[in-house]
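First up is the structure itself, then whatever we jot down about it.
In what follows, every heavy atom counts, from backbone to side chain, and hydrogens, waters and symmetry copies are set aside. For clarity, every value in this text was computed on a predicted model and none was experimentally measured. Throughout, numbering of the chain's residues begins at 1 and tracks the sequence.
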Amino acid sequence: MKKRIFAKLISAFLFISIFSACGTSSQQGGNTTTQTNSQASTTTTTTTSSNQTTADIKKIVVAFPTWTGAPKDLKIVQDAMNEITRKSIGVEAELLVTDFASYNQQMTLTLTGNEPLDVFITIGNLYVPSIQKGELINLEENDLLKTYGQGIIDAVGMTYIDACRVGGVLYGLPNNRDMAQGRGCASVRTDLLDQIGYQSKNTGEIEKVTLDELDNIYAQIYAANPGLEIYRSVTNSMAQFSNVDMLGGNAFGVLTDYGAKREVVNLFETQFYSDYCQRMWKMYNLGYISADSATDTTAVGELVKAGTLASYTTGGKPGIKQQETNLCGKPMTIFQTLGDYISSSAVAAFPWSIPLNCKDPVSAMKWLNEMYTNADLMNLISWGIKDVHYQVLDSGLIDYAPGGDATNSGYNHSMGWMFFNQFLTYVWNGNAPDVWDQIKKFNDNAYKSSALGFTFDPTNVSTEMTAVQNVYDEYQKSLEYGLVDPAVAIPEMNAKMKAAGIDNIIAEKQKQLNEWATKMGLN
């Protein structure tokens, strides 16, 4: 990367939108596992159906994370994908897969080191900073998207694609997925709910409750299981348990009340932020939250599997119950305390981009186009190999292959929402057969921010952004994980943020938002 001044421009709250997609919280760390399947690049003497020798095949490197790193069977899935793309477009991909906790660092090293990389997902606060550092190509330059990505345009639509523009330039492509997110959600082990005799009061897959009702459930679980970690907070939990629009991913100037008004305020001076931190502080003192929660990078799904964790932050959407059940390897129940919401940056939460390092953008775009349009490829990258990792049931739904489950499957990452066009994939058993149609309706019916499509350009306040981010990094986890008294820590943080220039950031964000609204013809 050419400049470090932007390294922390976008805070971890980008992931409120990410997790409109994934549901599961952003910081589900895990031991660092990176796999670069260089074997896939080995030249052989086989030919394709179009009489191309493998010497003619273009080779690209594609990077993305999973919660816990490269699945054991990544290589055979990669080979199966390449078998298709060699024949269809003369391109094969080496999949570079890193665990979520270390993905940003891995991409930083890859980009700054000018290492091979042709396509990557800009998840984890990578999109706008990468644009600011000049690391992404304009996907419309030389008609790249129009010529080689027409299938992407047809699949996603230009309305969503345009939402990924920054300064009018397109640097990334959105996923076809749930753009909305059910806010204020937690995933709780169903066996513990059965233990306390919880009776569902809902007919749908998500339990709609108040925050007080959720806290009462936690109290009962803890009383029956003293010493069990009841709740694991994660980096984006505060954002997910709010109706705040972070305006492009950072918390320094936000819209409240589901973005109903385009009035930028200081989040850290709001009653909501104080109440949130007070609740977490109370939970910590009750023994619900582990003292090492802010430093332990173990994936929450792994903690649930191990029986040491009862609940964690997630995001609501159709199919979320089965998604989290698959992730944890045991039945989970989803509780939601707020409404469904599409924030300003939801569409552009984690676009797929082509870096400036890419030596062959045409092959990269051809490969992306195949992923957005080919159901076989989407099922491979999402679910693995048919009859090895999953089986198709008589109902048309899929489930683990015989003898397989969440604990022993060689390809089980529960991150299908992250890939290109989720609507092309099979539906997992336990979901409604029409879950993809439900998600489209979910997107249509959710609250929508009045700033939907706005992207903040921090160039004019880059110095303040860096300084304020440093202050926030000092306090964020301790405050938002409930480890310090907010009555003391919030005033300290606010004073330092004021000195660092947060008011200048808020003013600049309001100015850009007003200009954007005028340009869009909004009142």
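With His413 as the fixed residue, the ring pair (Phe, Tyr, Trp, His ring centres under 6.0 Å) test singles out one of Phe419, Trp383, Phe64: Phe419.
Residues meeting the salt bridge (Lys or Arg N to Asp or Glu O under 4.0 Å) test with Asp503, sequence neighbours left out: Lys498. When the ring pair (Phe, Tyr, Trp, His ring centres under 6.0 Å) test is applied to Tyr447, the partners found at least two apart in sequence or on another chain are Tyr258. Among residues two or more places apart in sequence or in another chain, the salt bridge (Lys or Arg N to Asp or Glu O under 4.0 Å) test is passed with Asp444 by none. Under the side chain to side chain donor-acceptor pair (under 3.5 Å) criterion, Asp376 pairs with no residue, sequence neighbours left out. Remark: Phe335 pairs with Tyr198 by the ring pair (Phe, Tyr, Trp, His ring centres under 6.0 Å) rule, at least two apart or across chains. Applying the ring pair (Phe, Tyr, Trp, His ring centres under 6.0 Å) criterion to Trp516, with sequence neighbours excluded, gives Phe454.
Under the 3.5 Å distance criterion, with hydrogens and angles disregarded, no donor-acceptor pair is assigned to the side chains of Glu135 and Tyr171. Side-chain atoms of Thr459 and Asp457 include a donor-acceptor pair closer than 3.5 Å. Side-chain polar atoms of Thr190 and Thr333 form a donor-acceptor pair below 3.5 angstrom. The closest side-chain donor-acceptor pair between Thr313 and Ser237 falls under 3.5 angstrom. In the model, Ser242 has no side-chain atom that pairs as donor or acceptor with a side-chain atom of Tyr276 under 3.5 Å. No hydrogens or angles considered: a donor-acceptor pair under 3.5 Å links the side chains of Asn326 and Gln322. Under the 3.5 Å distance criterion, with hydrogens and angles disregarded, no donor-acceptor pair is assigned to the side chains of Glu508 and Asn504. Residues Tyr160 and Asn176 have side chains that never bring a donor and an acceptor to within less than 3.5 angstrom of each other. Looking only at atom types and distance, the side chain of Lys509 has a donor-acceptor partner in the side chain of Asn250 under 3.5 Å away.
At least one donor-acceptor pair closer than 3.5 Å links the side chain of Glu205 to the backbone N or O of Gly319. Asn443 places a side-chain N or O within donor-acceptor distance of the main-chain N or O of Ala180, the cut-off being under 3.5 Å. Although no hydrogens or angles enter the test, the distance criterion places a donor-acceptor pair under 3.5 Å between the side chain of Gln510 and the main chain of Arg262. Formation of a donor-acceptor pair under 3.5 Å by the Thr425 side chain with backbone atoms of Gln422 is found in this model. The main-chain N or O of Thr210 is found under 3.5 Å from a side-chain atom of Glu213 such that the two form a donor-acceptor pair. A donor-acceptor pair under 3.5 Å links the side-chain atoms of Asn374 to the main chain of Leu377, judged by distance alone.
Within a 6.0 Å sphere centred on CD of Gln150, heavy atoms belonging to other residues, nucleotides or ligands number more than 12.
Residues Gly182 and Gln336 approach most closely at CA-NE2, 3.3 Å, considering heavy atoms. Considering every non-hydrogen atom in both Trp352 and Ala63, the closest pair reads CZ3-O, 3.8 Å. Of all heavy-atom pairs between Ala239 and Arg183, the closest is O-NH1, 3.4 Å.
Ring geometry for Phe268 against Tyr472 counts as tilted: the plane angle lies between 30° and 60°, on a 0 to 90° scale. Between Trp417 and Trp67, the ring-plane angle classifies as tilted under the 30° and 60° cut-offs.
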